[in-house]
> 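Got a structure for you, written out below as structure tokens; questions coming shortly.
Hydrogens, waters and symmetry mates are skipped; everything else that's a heavy atom, side chains included, is used.
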Amino acid sequence: MKLANLNINQFENPYDFYKNLQIASSGTKEFVLTLAKIMQCQISGQVLFLDDFGKNLHPTLTKFLVKIIHSSKNLQVLMTSNCTSILDTKLFRIDQINFLDFDDYGSLLNKRLFDFKGFRENMNAEKGYLHGRFSATPFIIVSENTIGKLLENVKG
């Protein structure tokens, strides 16, 4: 906790720690709970599932948790995330990064970064993703007319 600079390491009494955590930011809560899950699954040998990993975390803390996961022995993790800052080939191998997308019929597709032709490990995966190179990016068609109609409906 001290390394993450969360300012909650001064509590000797677990109740005081818990009480302080209740009023902490959502990012602090997520960091502490994710760290606890990592430790628990490391001890128990269970697979760790992290849904929407890093949603409330600063990118530095998100990357820090990924490094802890990678340094843990016998820990298997499956995570989903919308946090593009961890789309980094220094954090993950290209065979560990997958993109979920829908085809024209609404079926879910799993596409591995490894399978995209021309992608090399020294390329910026986050930048490529944000520019739509790997699909799986939101596609929104918006016009001023559509926005106007939405705002009119809100007004009543």
> Test your reading of the model: is there a side-chain donor-acceptor pair from Q76 to the backbone of L48, 3.5 Å cut-off?
no
> Going by salt bridge (Lys or Arg N to Asp or Glu O under 4.0 Å), name the pairs with one or both residues in residues 49-71, residues two or more places apart or in two chains.
none
> Do M39 and V77 belong together in a cluster built from hydrophobic side chains that touch within less than 4.5 Å?
yes
> Assess the residue pair L109 and F102 against the criterion (side-chain contact (heavy atoms from CB on, under 4.5 Å)); give the C-alpha distance rounded to whole Å, side-chain angles, the decisive distance to 0.1 Å, and a yes or no.
CA-CA 6 Å; L109 301 172; F102 293 97; over 6 Å; no
> Kindly indicate whether the side chain of M79, heavy atoms from C-beta on, has any atom under 4.5 Å from the side chain of I69.
yes
> With hydrophobic residues grouped by side-chain heavy-atom distances under 4.5 Å, do L33 and L57 end up in a single group?
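Each belongs to a different hydrophobic cluster.
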> One pair to check against side-chain contact (heavy atoms from CB on, under 4.5 Å): N110 and L100. What are the steps and the verdict?
CA-CA 5 Å; N110 180 20; L100 297 178; 3.9 Å; yes
> Does atom NZ of K111 have more than 12 heavy-atom neighbours from other groups under 6.0 Å away?
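Correct, the count exceeds 12.
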> With under 30° as parallel and over 60° as perpendicular, where do the rings of F116 and F99 fit, or are they tilted in between?
perpendicular
> Please report the shortest heavy-atom distance between S72 and L75, naming the atom on each side.
CB-CD2, 3.7 Å
> Can you give me the closest heavy-atom contact between R133 and M123, atom names plus distance?
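Taking every non-hydrogen atom into account, NH1-SD, 3.6 Å.
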> Count I, L, V, M, F, W, Y as connected when their side-chain heavy atoms are under 4.5 Å apart, and connections chain through other members. Are V32 and F49 then in the same cluster?
no
> Cluster question for you: counting only ILVMFWY and a side-chain heavy-atom cut-off of under 4.5 Å, with indirect links fine, are F114 and F92 together?
yes
> Please determine whether the number of non-hydrogen atoms from other residues, nucleotides or ligands lying under 6.0 Å from atom CD of Q96 exceeds 12.
yes
> If you round to the nearest 0.5 Å, how far is CG of L65 from OG1 of T34?
6.0 Å
> So for atom CG, which belongs to N74, do other residues, nucleotides or ligands contribute more than 12 heavy atoms lying within a distance under 6.0 Å?
no
> How far does CZ of R112 sit from CG of N98, to the nearest 0.5 angstrom?
7.0 Å
> For atom CG of N82, decide whether the heavy atoms of other residues, nucleotides or ligands shown that lie under 6.0 angstrom number more than 12.
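Counting other residues, nucleotides and ligands, CG of N82 stays at 12 neighbours or fewer.
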> So that I know where these two stand, are F31 and H58 an aromatic pair - ring centroids less than 6.0 Å apart?
no
> Determine whether more than 12 heavy atoms belonging to other residues, nucleotides or ligands lie under 6.0 Å from atom NZ of K127.
no
> CD1 of I43 to CD1 of I38: how many Å apart, nearest 0.5 Å?
12.0 Å
> Are the side chains of F53 and I86 in contact, using a 4.5 Å heavy-atom criterion?
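Yes, side chains in contact.
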> Let me confirm one number: the CG-OG1 distance from N56 to T62, rounded to the nearest 0.5 Å.
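Answer rounded to 0.5 Å: 9.5 Å.
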> State the OG-CG distance between S107 and D101, to the nearest 0.5 angstrom.
11.5 Å
> Per the side-chain contact (heavy atoms from CB on, under 4.5 Å) rule, which among I97, L87, L113 passes with F134?
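Among I97, L87, L113, the one that satisfies the side-chain contact (heavy atoms from CB on, under 4.5 Å) with F134 is L113.
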> Give a yes or no on whether the backbone of K73 and the side-chain of Q42 come within a donor-acceptor separation of less than 3.5 Å.
yes
> Enter the distance from T80:OG1 to L50:CG here, rounded to the nearest 0.5 Å.
8.0 Å
